[in-house]
> 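Pasting a structure here, questions to come.
So that the names make sense, note that chain A is the first sequence line, chain B the second, and so on, each numbered from 1. Computed from heavy atoms alone, side chains included, the values below leave out hydrogens, waters and symmetry copies.
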There are 2 protein chains.
Amino acid sequence: MSSDYQTLKGQEFDRAAFESLLRRKNFLWQSFEPYGSVKGLFDYGPPLEGLESEVLGIWRDHFIRTEKMMALKCSMLTPYEVFKASGHVDRFADYMCKDPKTGEILRSDHLIGDVLEARLKSDKEARGEKVEETEEDPKRKKKASKAAKGAVKLDDKARAEYEHILAILDDFTGDAMGELIKKHDIRNPSSGNEVEPPVSVNLMFQTQIGASGNSAGFLRPETAQGQFLSFQKLLEFSDGQLPFASASIGYSFRNELSPRSGLLRVREFLMAEIEHFVDPEGNKKHPKFASVADVKLPLLSRATQTKGITKPEMTSIGEAVKSKLVDNETLGYFLVRIYTFMQRIGIDLNKLRFRQHLENEMAHYASDCWDCELLNSYGWTECVGCADRSAYDLSVHMKATGQSLQARETLKEPYTVEEYVAVLDKKKAGPKLKKDAKAVEVALDELAQDIKEKLSLEMSEKGSVEVPVATAEGGKVTLDKELVSFSKQKRLVTTREYIPNVIEPSFGIGRILYSLMEHSYWTRPDDVARSVLSFTPRTAPIKALIVPLQRDARFAPFIERLEARLDAKQLSYKVDQSGVSIGKRYARNDELGIPFGITVDFESIENNTYTLRDRDSTKQIRGSEEEVVRAISRMVKGKESWADVQKRLPAFESKEE
Amino acid sequence: MSSDYQTLKGQEFDRAAFESLLRRKNFLWQSFEPYGSVKGLFDYGPPLEGLESEVLGIWRDHFIRTEKMMALKCSMLTPYEVFKASGHVDRFADYMCKDPKTGEILRSDHLIGDVLEARLKSDKEARGEKVEETEEDPKRKKKASKAAKGAVKLDDKARAEYEHILAILDDFTGDAMGELIKKHDIRNPSSGNEVEPPVSVNLMFQTQIGASGNSAGFLRPETAQGQFLSFQKLLEFSDGQLPFASASIGYSFRNELSPRSGLLRVREFLMAEIEHFVDPEGNKKHPKFASVADVKLPLLSRATQTKGITKPEMTSIGEAVKSKLVDNETLGYFLVRIYTFMQRIGIDLNKLRFRQHLENEMAHYASDCWDCELLNSYGWTECVGCADRSAYDLSVHMKATGQSLQARETLKEPYTVEEYVAVLDKKKAGPKLKKDAKAVEVALDELAQDIKEKLSLEMSEKGSVEVPVATAEGGKVTLDKELVSFSKQKRLVTTREYIPNVIEPSFGIGRILYSLMEHSYWTRPDDVARSVLSFTPRTAPIKALIVPLQRDARFAPFIERLEARLDAKQLSYKVDQSGVSIGKRYARNDELGIPFGITVDFESIENNTYTLRDRDSTKQIRGSEEEVVRAISRMVKGKESWADVQKRLPAFESKEE
């Protein structure tokens with residue numbers, strides 16, 4: 001992959017040089033370095049923290065403000081019961097293989113992938129073909145290569161089989177991986193030992209909430225559950241009207257057992273998740289779909305992938321939904337919004353594709369799922385998942401808690417049903433339940449039919465029932481037959497109750513930022529040592545650089561005036577007064593991605609004009625203090641491009657670059 | 001306290017009504033309600049999430065951009081060793097008393113405070129004085145009152161002693177509290193039992209990082225440590241020049257044993273922390289201090305507090321620093337910046353004071369500490385701590401890791417010293433240490449003198465030493481005398497190395513938001529049921545409300561035009577087309593704090609003009625589509641006030657309100 005991977009100027013991408021820039025300019029580093037660092041945990045330095053802040057600002061504007069979503073902030077600490085119900089306690093896991101002799105723990109899919117890739121590479125070598133560096137982690141690769149013990153040729157059948165396995169590696173269950181490991185004699189590359197069969201290991205961080213020692217909790221591995229549990233609040237806030245969407249920018253945690261690939265697989269990460277709640281009746285149409293139907297997206301369907309093809313086809317979303325390639329309008333609408341978001345932050349759209357999940361890769365309840373993948377030097381990387389989760393989440397929580405997580409629709413034609421009713425004796429309930437009486441009444445009313453039926457039976461058998469009630473103390477309340485009676489009654493149904501379906505676009509912010517940095521990176525053709533990060537004026541954390549021609553006290557008041565004017569427009573800037581040449585100062589700030597530079601020279605003292613330099617072209621124009629700052633402000637807001645500014649203001653020929 | 005506490009219009013503050021508004025409008029709720037909720041964990045709904053986002057935007061602008069701070073984002077998950085060194089493992093704890101008969105656990109300071117307050121209240125009752133509701137948690141209060149068993153009169157000495165204890169409750173150690181409990185026969189109010197002496201309980205959430213089972217970790221209780229550990233990166237980023245400041249907006253966690261007071265004492269919270277690193281030589285002067293020296297702040301000194309006085313004195317910061325009341329210019333400069341930040345977000349400055357820490361309240365290493373306290377219905381609440389932490393943090397981490405966390409200053413007069421030097425034999429180191437050779441060389445070089453001396457001794461005794469090195473694997477490297485030699489050498493010292501001191505302003509965002517909501521709350525004098533949240537145009541999460549006079553298809557295109565124009569200016573808005581009267585629609589959106597309303601009426605259809613309503617005064621003006629939206633935009637940016645707009649545009653008399 002990596003030698004195919006090119007910079008935005010079509011140059012070969014040199015990851016070592018790129019990483020050296022990130023380190024040198026303090027974009028990020030492994031956390032707790034003085035203590036020897038912890039794998040999978042990273043700190044963001046000023047340039048990356050600033051980039052993240054700008055990207056999140058665009059995300060808020062693009063989704064929350066423009067689509068009028070309901071922004072939520074939910075707790076990260078989560079009680080055990082929630083993730084038991086959601087299925088995470090049982091299924092949020094990776095398969096691991098243990099090397100019984102060394103005790104080493106290996107992720108099963110990584111193990112298979114590494115060994116088969118090493119064999120294919122060895123086969124190529126044996127057949128005298130040119131071998132490309134394809135692997136993400138050079139160290140792991142080295143081990144895998146060594147295990148292949150010199151170049152070994154494969155027969156055509158094995159070669160085809162290996163390639164097929166690698167293409168659909170995400171599609172295997174634990175058992176299937178166990179069989180592959182046996183069949184192909186896949187061993188721990190670093191020891192040559194056979195490994196134990198894959199076992200599932202849960203990836204959530206566990207802790208204890210409170211001092212009592214009996215309330216186990218987890219750090220959430222996704223922000224979604226908090227949003228589902230807020231469903232009734234959201235419904236209230238939207239005056240009972242569907243569809244609506246909630247959105248949450250927040251941290252999640254996964255206790256990765258072998259973190260790797262830098263920012264792509266970490267233990268603590270920022271997500272931006274949208275939960276769009278929609279009535280499942282009516283084909284999940286979207287009111288704004290018509291406005292995007294003609295947009296063409298690079299779609300890589302499930303069918304295409306199973307043929308071993310990895311190139312997406314440009315397809316209009318209107319056609320994709322019509323042909324049922326994309327399940328419904330709402331899902332299709334979000335794919336387009338994801339695409340335009342990526343465009344807005346400066347992602348190279350030639351390095352973006354939407355890949356449909358394979359059958360086994362998709363959660364069992366999902367009706368369709370597309371990943372927005374960005375190409376970077378590690379390969380195609382899932383950066384946004386966009387899934388139709390059907391009614392799964394609300395259903396499981398409703399079942400686990402007995403609380404209604406349903407929406408209502410007023411029926412055009414009412415009808416009659418017979419159903420269980422729970423009636424609380426309010427006269428007795430008051431003195432007995434005190435301030436909880438109201439909560440108990442509401443809880444009883446909201447119980448699902450099957451639970452009422454169950455409780456009715458229990459009541460007639462035992463004379464009392466336990467009902468889950470959200471009182472100040474939490475927990476459950478026991479009610480006897482004096483307090484509550486269950487009966488079957490006829491009722492005129494004027495509304496339809498239903499569990500909404502959920503379309504969930506889920507953004508991994510760290511992965512997007514990493515890909516964006518790679519997509520923005522290139523080197524000056526005349527000097528590969530001079531690298532540039534071409535962040536757009538909107539996403540660049542620092543908008544302008546002020547450089548005086550040389551150290552000279554006469555420049556100071558002019559620098560101050562520029563600073564005050566940039567401050568007034570709330571534009572971030574940096575002043576570089578160090579002793580090196582202007583060319584060098586520009587070069588080193590190009591590495592921070594600062595889009596515009598203002599030079600203060602002797603002419604500035606004479607007539608208050610300055611040169612304005614464009615980072616990408618290094619071209620310059622000349623204008624007054626006001627003209628220069630206004631041009632920057634307009635380019636940052638997207639009201640003008642550099643080409644527009646060049647037309648308006650006179651060019652300036654620099655002697656420095 | 002609470003009956004003294006008034007709304008910004010001087011009305012008695014009704015907390016029940018205020019909380020009802022927060023619930024009704026979905027500002028916040030306890031997390032995981034369908035599962036019975038978890039204490040001390042809250043979700044923010046759309047209005048509060050939006051408010052937080054605006055307040056953080058102002059914070060970033062006020063501190064990070066304006067003061068050119070280096071923004072950082074550090075990991076929440078933190079290895080054990082870090083908090084062992086920082087002292088949190090040993091000292092980040094609250095004192096608890098156990099009721100041995102019921103097993104109940106009570107925070108010692110809460111216990112003492114509750115019981116003594118109850119006795120004072122009972123004493124007042126016995127003396128026939130009017131009793132005010134002073135307590136934050138009505139339930140706890142009730143218990144405490146009950147324990148007082150009817151009105152009991154105190155003698156003058158006891159009354160004075162109790163009042164004194166309550167005034168300086170923060171100043172007691174665990175042992176001192178134990179003595180108080182014995183001396184005053186303080187018992188568990190809910191059982192009447194004697195309690196066990198106070199014991200310290202650690203408040204950090206613990207977890208496990210990785211699968212190996214041997215890497216204990218904590219969720220950080222503050223963001224500061226990550227910033228200290230990034231010191232060398234920050235120093236690099238600032239080209240070695242001090243002073244500089246880092247800033248971090250991030251989550252922290254405290255496993256509160258009895259969370260209470262709503263948002264004021266929670267288990268998971270957002271902080272915004274600044275670490276300003278400064279050379280301790282030179283009195284910690286600040287270059288911008290002169291520009292703020294005349295600003296008067298409400299200061300409540302330590303001396304005043306010990307006299308039992310709680311009213312702050314307006315003092316100019318220039319004088320406060322001159323008289324050494326505030327320790328130094330940098331601390332003073334930050335107090336002013338905190339004050340102007342609070343003003344900018346809309347805090348009522350009459351409900352703000354800076355309180356100096358009492359002797360025992362302050363950390364042992366701190367040289368001075370002031371809390372910015374905001375008055376709300378729970379009383380004076382610490383919302384920002386502003387401490388001079390001296391060189392404590394960098395010193396302890398330097399000691400624990402052996403890595404240098406120092407800055408350098410070039411000396412004007414160099415001098416000669418004799419010191420220990422560690423020399424790595426590079427020829428042997430290359431083959432033996434491979435890629436780690438460079439890291440080992442750097443680590444050796446950076447070892448502190450006392451550690452080099454220790455290692456030199458060890459080497460001559462054992463022939464090998466262990467050196468902590470940040471290699472890819474982390475951990476330590478063992479070096480023998482073939483590889484490294486220690487000796488004492490003379491050196492010309494041209495630079496001074498020193499551990500910078502740290503001034504730390506630390507903001508609790510949740511507490512600020514809660515106080516801001518209380519400060520913004522009032523009710524219309526003509527109708528107490530009509531409450532208002534007077535968020536400023538800049539902090540209000542939704543800037544404008546569009547209300548058509550009535551449901552009428554003819555209004556639709558005009559609403560759309562307004563929407564497009566507000567969108568173009570990236571102003572958030574809400575359209576309320578429900579069937580109720582305009583007055584009612586305005587009233588219920590006043591509760592969301594929307595500052596401006598635009599009415600679309602029949603005149604709009606005729607001449608494209610609209611009324612613009614100011615939430616606080618309910619006054620209206622009339623203007624064209626462009627004029628109305630431009631006025632909103634300018635008021636949000638702070639370029640104009642409502643009074644300015646009223647002067648420019650004609651008044652409009654409404655028939656609705």
> Given that the side chain runs from C-beta out, which part of B:Leu56 has a heavy atom under 4.5 Å from chain A: side chain, backbone, both or neither?
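Neither the backbone nor the side chain of B:Leu56 comes within 4.5 Å of chain A.
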> What residue in B:Gly402, B:Ser248, B:Gly40, B:Ser53 has the most heavy-atom pairs under 4.5 Å with chain A?
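Most heavy-atom pairs within the cutoff with chain A belong to B:Ser53.
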> For chain B, find which of A:Ser75, A:Ala247, A:Gly45, A:Pro47 contributes the most heavy-atom pairs closer than 4.5 angstrom.
A:Ser75
> Checking the side chain of A:Asn255 only, and the main-chain atoms of B:Gly210 only, is there a donor and an acceptor separated by less than 3.5 Å?
yes
> Checking B:Ser578 against chain A: side chain, backbone, both or neither under 4.5 Å from a heavy atom?
neither
> Which one, B:Gly226, B:Pro79, B:Ser572, leads in non-hydrogen pairs under 4.5 Å with chain A?
B:Pro79
> Before giving the answer on side chain to side chain contact (heavy atoms under 4.5 Å, CB included), spell out for B:Arg65 and A:Asp567 the whole-Å C-alpha distance, their side-chain angles and the decisive distance to 0.1 Å.
CA-CA 9 Å; B:Arg65 191 189 60 75; A:Asp567 273 332; 2.8 Å; yes
> Taking atom CE of B:Met204 and atom OG1 of A:Thr207, what is their separation to the nearest 0.5 Å?
11.0 Å
> If you count heavy-atom pairs under 4.5 Å with chain A, which of B:Lys25, B:Glu52, B:Met96, B:Lys637 comes out on top?
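Ranked by heavy-atom pairs under 4.5 Å with chain A, first place is B:Glu52.
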> Donor-acceptor pair, distance only, cut-off 3.5 Å: does the side chain of A:Asp43 make one with the backbone of B:Leu72?
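No.
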> Would you call B:Pro34 and A:Phe231 a side-chain contact if the rule is heavy atoms closer than 4.5 Å?
no
> Would you mind telling me which of B:Ser230, B:Gly57, B:Ser246, B:Ala85 has the largest number of heavy-atom pairs within less than 4.5 Å of chain A?
B:Ser230
> What option among A:Leu203, A:Val266, A:Leu219, A:Ile249 has the most heavy-atom pairs under 4.5 Å with chain B?
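Sorted descending by pairs with chain B, the first entry is A:Leu219.
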> Hey, are the side chains of B:Lys233 and A:Glu33 touching, using non-hydrogen atoms and a 4.5 Å cut-off?
yes
> Checking A:Glu563 against chain B: side chain, backbone, both or neither under 4.5 Å from a heavy atom?
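Just its side chain gets close to chain B.
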> Within this structure, what is the OH-CG distance for the pair A:Tyr251 and B:Leu77, rounded to the nearest 0.5 Å?
12.0 Å
> Give the minimum heavy-atom separation between A:Ile209 and B:Phe205, together with the two atoms involved.
CA-CE2, 4.0 Å
> Name the option with the most non-hydrogen atom pairs under 4.5 Å to chain B; the candidates are A:Leu28, A:Val82, A:Val38.
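Top option by heavy-atom pairs under 4.5 Å: A:Val82.
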> Would A:Glu49 and B:Arg60 count as a salt bridge (Lys or Arg N to Asp or Glu O under 4.0 Å) if you check the C-alpha gap in whole Å, the side-chain angles of each, and the deciding distance to 0.1 Å?
CA-CA 12 Å; A:Glu49 203 276 354; B:Arg60 290 189 76 94; 2.7 Å; yes
> May I ask you to name which of B:Lys574, B:Gln206, B:Gln570 has the most heavy-atom pairs under 4.5 Å with chain A?
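The answer is B:Gln570.
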> Before giving the answer on side chain to side chain contact (heavy atoms under 4.5 Å, CB included), spell out for A:Phe42 and B:Lys73 the whole-Å C-alpha distance, their side-chain angles and the decisive distance to 0.1 Å.
CA-CA 9 Å; A:Phe42 290 89; B:Lys73 176 169 123 162; over 6 Å; no
> Might you work through the side chain to side chain contact (heavy atoms under 4.5 Å, CB included) test for B:Phe32 and A:Gln225, ending with a clear yes or no?
CA-CA 9 Å; B:Phe32 315 110; A:Gln225 303 304 323; over 6 Å; no
> As an exercise: rank A:Met70, A:Glu268, A:Glu81 by heavy-atom pairs under 4.5 Å with chain B and give me the winner.
A:Glu268
> Do B:His397 and A:Tyr35 touch side chain to side chain, with heavy atoms closer than 4.5 Å?
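Side-chain contact under 4.5 Å: yes.
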> Taking B:Val201, B:Leu405, B:Leu41, B:Ile542 one by one, which has the highest count of heavy-atom pairs under 4.5 Å against chain A?
B:Leu41
> Measure A:Thr78 against the heavy atoms of chain B and call it side chain, backbone, both or neither at under 4.5 Å.
both
> At a heavy-atom separation under 4.5 Å, does A:Lys68 approach chain B through its side chain, its backbone, both, or neither?
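When you check distances to chain B, only side chain atoms of A:Lys68 fall under 4.5 Å.
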